[in-house]
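Below is a structure I'd like to ask you about.
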Amino acid sequence: MNQIMKFQSQLLNWYDLHGRKNLPWQVDDSYLVWISEIMLQQTQVLKVIDYFNAFISEFPNMKLLAQADINDVLALWSGLGYYNRARNIHKTAQICVQEHNAILPLDLKKLMALPGIGQTTAGAILSLASNLPFAILDGNVKRVMSRVYRVGEIKLSEYTNKLWQLAEQNISKQRPKNYNQALMDLGSLVCVRSKPRCHECPLNTLCQAYQVNETELYPPKKTKTKQIAVTLHALLVIKDEKILLRKRGETGIWAGLWFLPEFIGKKSSNLLHSIKHVLSHRILTINVYKNKELVDKIQDCHWVALSDLKKFAHPSALVKIINAVDLKY
DNA sequence: AATCCGGGGAT
DNA sequence: ATCCCAGGATT
């Protein structure tokens with residue numbers, strides 16, 4: 001038996017015993033697989049489950065999603081982050097209704113041409129929903145492959161190309177769905193970033209990093225982008241259980257979401273609270289003021305009942321601010 | 001090739 | 001405090 005066949009059979013035998021088989025999106029429905037894959041981009045499984053169930057309850061199929069108001073789609077995304085994913089889901093649903101008979105195309109290139117779908121998401125849709133032999137290369141697969149084949153310290157583009165090559169070379173033609181799911185499960189349950197459980201790993205006899213006791217050196221660390229500090233000044237006005245909100249512009253952080261009205265410059269008086277909110281590329285200091293005299297000068301604001309907040313797409317920072325200031329204000 | 005885009009879990 | 005998560009689009 002050659003190395004690739006060993007890799008496949010040992011991985012699939014492990015999956016049959018220990019793999020995940022009951023996640024809510026593990027169904028033969030490309031629509032549901034697609035929604036889950038978008039939500040799972042840079043987002044952990046545990047957090048996605050509740051968002052996924054709420055989303056498909058409201059938009060159970062492609063046509064209903066395509067007909068939806070984008071604001072309602074975004075509202076169901078509140079707190080999940082990377083809100084362009086919600087916009088792209090909506091656009092893709094409309095394209096599928098118009099051009100693909102209201103279903104996702106069963107074609108790698110056509111899938112990748114849709115907004116928000118790259119090679120990994122396209123491969124996941126084809127393999128997980130239709131059991132077609134297309135590879136994926138998410139964070140889990142990268143970690144497993146970089147350790148098993150000891151792929152490290154090279155130029156990023158070469159690193160990525162090499163891992164794609166390995167992912168495609170090793171995929172099972174007989175059980176591609178289970179193979180991809182197995183690699184992801186192995187990466188998230190056994191071949192974890194720190195202190196991998198190599199003694200439980202079905203690939204440990206093949207793993208080059210394990211053989212030389214260097215699993216901690218793989219995968220190579222990502223180069224982190226510098227976080228820039230930004231200070232915002234915002235007004236918190238709550239009256240009769242309603243809060244004054246403003247819809248943000250279509251570009252930048254929290255594009256199109258509802259947040260507190262902001263103003264330029266600072267007023268040292270009337271400062272209610274200063275909140276630190278960290279994003280992947282920004283460190284926000286949000287100074288929250290009460291200054292009802294300014295309210296009349298703020299344009300494009302709407303009073304939103306606090307009990308209706310979930311109907312208005314908003315970042316988690318808004319909830320953080322309301323909770324932090326609530327008792328004092 | 002580097003940056004933008006959120007939020008939070010694990011350590 | 002650091003790393004990174006079922007990444008993709010844009011610059």
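Computed over heavy atoms, backbone and side chain alike; hydrogens, waters and symmetry mates excluded.
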Rounded P spacing from C:dA6 to B:dC5 in Å: 23 Å
Touch class at under 4.0 angstrom, heavy-atom based, for A:Ser157 against every strand present: sugar-phosphate
Sugar-phosphate, base or nothing in reach of A:Ser36, heavy atoms under 4.0 Å: nothing
Protein-nucleotide distance (A:Leu217, atom CG; C:dC3, atom P), rounded to Å: 15 Å
Sugar-phosphate only, base, or nothing, as touched by A:Ile253 at under 4.0 Å among non-hydrogen atoms: sugar-phosphate
Sugar-phosphate, base or nothing in reach of A:Gln181, heavy atoms under 4.0 Å: base
Phosphate contact (B:dG7 OP1 or OP2) by A:His277 side-chain N/O below 4.0 Å: yes
Whole angstrom value for the distance that separates C1' of B:dC5 from CD1 of A:Ile38: 14 Å
Under-4.0 Å side-chain N/O to phosphate OP1/OP2 contact, A:Thr120 with C:dA6: no
B:dG7 OP1/OP2 closer than 4.0 Å to side-chain N/O of A:Trp254: yes
Between C:dG8 (P) and A:Glu37 (CD): distance, integer Å: 9 Å
d(CG, A:Asp138; P, C:dG7) in whole Å: 5 Å
Sugar-phosphate only, base, or nothing, as touched by A:Gly187 at under 4.0 Å among non-hydrogen atoms: nothing
